[in-house]
Undergrad: 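Okay, handing you the structure first.
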Amino acid sequence: MAESVAIYEVGPRDGLQNEARVISVAEKVALIDLLTRSGVAALEVGAFVSPKWVPQMADTAEVLAAMSWEHDCRTSVLVPNMRGWEGFRATGAPVSEIAVFISASEGFSRANLNCSIAESLERLAPVVVAAVEAGVELRGYISCVTDCPYDGPVAPEAVVEAVRGLQGLSRMPVSLGDTIGAGRPETVRAMLEAVLEVLPADRLAGHFHDTGGRALGNIEVALGMGLRVFDSSVAGLGGCPYAPGAPGNVATEAVVERVEALGFATGVDGGVLAEAGAVARRMRSG
Ligand code: HMG
Ligand code: MG
């Protein structure tokens, strides 16, 4: 039997957060409901971040209230601080896990979270305690694992330090973000070699934006080094509002095609994914 690769679909969050047009709750829910039936292993549906910082995610509570929960797809939402945790808990939604996020570079930490890396970890500490107490699982993100739009190239040691910081809060799995898609096979390999010294491949995911058109090649490098979870956005939606010039994540359709061609099973239903892709493209074009 073919070995599995898990697709962690982030389009409704990482994709839509960068759309300038106001997208209605109904449109988001239509996309989310399709994606929960597409066979992806997990789906990030929104973010409890400040609406002043990311207006597009301001309606995440309404999305959680309106979406269907008649599926067995794992779900997640981003939570940056206690305010976000409280907003999430008030919904009572049966979300599988929350995602907390830090940066490996100080410049991006400032731009995205308005604080240093050390301060971001301090801010997350009570969130992690609350999630563990509530029995909600955690996922950690580290941004700028090879390059930062403000600080330039990022040393593998900085990523290791960030991994240690998150593991110091809890033994959560970590998604390694090439936020601006500037990673190259050699920089991704060097970063992963260092990170694998402190966290095994089965606790890691790859999160590649596709600015440089190298995301699929970088995924192949990560696959070769044992990673089996990859984040992607349907129709390549997305970017990060605090990473200038970063376009979308690598497209889910392209990741599924590539990893299946390499002999892995994803469990994704191409027909449902294509339907979701058509909905996503209509959302993007407005
Ligand atoms: P701040 O301005 O330093 O925080 O932002 P603050 O505590 O001073 O709050 C400012 C205002 O926001 C206050 O309102 C707070 O109440 C409110 P005011 O008193 O002025 O009316 N506020 C909130 N409202 C709702 N929910 C909250 C919340 N927190 C504060 N949770 C903060 C600090 C962390 C809030 C802000 O910097 C923020 O929201 N940042 C998130 C930015 C973001 O979402 N970026 C995109 C996601 S990360 C990403 O895309 C990377 C990733 O894909 C991986 C990769 O590609 O690398 C994951
Ligand atoms: Mg991202």
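Atoms within a ligand are numbered from 1 in the order they appear, just like the ligands themselves.
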Undergrad: Between G206 and L227, which heavy-atom pair has the shortest distance, and what is it?
TA: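 Heavy atoms only, the tightest pair is N-CD2, 3.9 Å.
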Undergrad: Is the closest side-chain heavy-atom distance between T36 and S68 below 4.5 Å?
TA: no
Undergrad: Quick one: does H207's side chain get under 4.5 Å of Y8's, heavy atoms only?
TA: no
Undergrad: Heavy atoms only, cut-off 4.0 Å: how does Q56 contact ligand 1, side chain, backbone, both, or neither?
TA: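 Neither part.
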Undergrad: Which is closest to atom 24 (N) of ligand 1 by heavy-atom distance: P51, G87, A99?
TA: P51
Undergrad: Does any N, O or S atom of D14, backbone or side chain, fall under 2.8 Å from the Mg ion (ligand 2)?
TA: yes
Undergrad: Out of V49, D14, N112, who gets a non-hydrogen atom closest to atom 42 (C) of ligand 1?
TA: N112
Undergrad: Identify, by atom number and element, the atoms of ligand 1 in contact range of S143, meaning under 4.0 Å from any of its heavy atoms.
TA: 51 (C), 54 (C), 55 (C), 57 (O)
Undergrad: Just checking, any donor-acceptor pair under 3.5 angstrom between side chains of S103 and S143?
TA: no
Undergrad: Run the numbers for me: atoms of ligand 1, each under 4.0 Å from some heavy atom of N114, listed by number.
TA: 1 (P), 2 (O), 3 (O)
Undergrad: Quick check for you: to the nearest 0.5 Å, what is the distance between N249 atom CG and D14 atom CG?
TA: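 Taking CG in N249 and CG in D14, the distance rounds to 4.0 Å.
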Undergrad: Could you say whether the N/O atoms of H209 and ligand 1 ever approach to under 3.5 Å?
TA: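 It does: an N or O of H209 is found under 3.5 Å from an N or O of ligand 1.
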Undergrad: Of all the N, O or S atoms in H209, which one sits nearest to the Mg ion (ligand 2)?
TA: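 Nearest to the Mg ion (ligand 2) within H209's N, O and S set: NE2.
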Undergrad: Taking the six-membered ring of F101, is NZ or CZ of R13 closer than 6.0 Å to its centre and within 45° of its axis?
TA: no
Undergrad: Which atoms from ligand 1 have a heavy atom of K52 less than 4.0 Å away?
TA: 14 (O), 18 (P), 20 (O), 21 (O)
Undergrad: Any atoms of ligand 1 less than 4.0 Å from a non-hydrogen atom of R123? List them with their elements.
TA: 33 (C), 34 (C)
Undergrad: Given that the side chain starts at C-beta and the backbone is N, CA, C, O, which of these parts of V54 lies under 4.0 Å from ligand 1, counting heavy atoms, or is it both or neither?
TA: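 Within the 4.0 Å criterion, V54 contacts ligand 1 through side-chain atoms alone.
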Undergrad: Report yes if the side chains of D33 and M67 come closer than 4.5 Å at any heavy-atom pair, otherwise no.
TA: yes
Undergrad: Report yes if Y141 has an N/O atom closer than 3.5 Å to an N/O atom of ligand 1; otherwise report no.
TA: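 No: no nitrogen or oxygen of Y141 is under 3.5 Å from one in ligand 1.
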Undergrad: With V159, which of V198, T146, L176 fulfils side chain to side chain contact (heavy atoms under 4.5 Å, CB included)?
TA: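 The option that passes is L176.
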Undergrad: Relative to ligand 1, is M57 under 4.0 angstrom through side chain, backbone, both or neither, heavy atoms considered?
TA: neither
Undergrad: Is R258 positioned over the aromatic face of F230, cation under 6.0 angstrom from the ring centre and no more than 45 degrees off axis?
TA: no
Undergrad: Going by the order shown, which atoms of ligand 1 are within less than 4.0 Å of some heavy atom of L78?
TA: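 Answer, ordered by atom number: 47 (C).
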Undergrad: Ligand 1 and C144, any nitrogen or oxygen pair closer than 3.5 angstrom?
TA: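 No, C144 has no N/O under 3.5 Å of an N/O on ligand 1.
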Undergrad: Can you tell whether the side chains of R214 and D178 come within less than 4.0 Å, N to carboxylate O?
TA: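 The answer is no: the pair does not qualify as a salt bridge.
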Undergrad: Is the shortest heavy-atom distance from the side chain of V100 to the side chain of L169 under 4.5 Å?
TA: no
Undergrad: Give the numbers and elements of all ligand 1 atoms closer than 4.0 Å to a heavy atom of F48.
TA: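 Listed by number with element, the hits are 26 (N), 27 (C), 31 (N).
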Undergrad: I need the atoms of ligand 1 closer than 4.0 Å to a non-hydrogen atom of N81, numbered in the order shown.
TA: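 Going through ligand 1 atom by atom, the ones under 4.0 Å from N81 are 27 (C), 28 (C), 29 (N), 30 (C), 31 (N), 35 (C).
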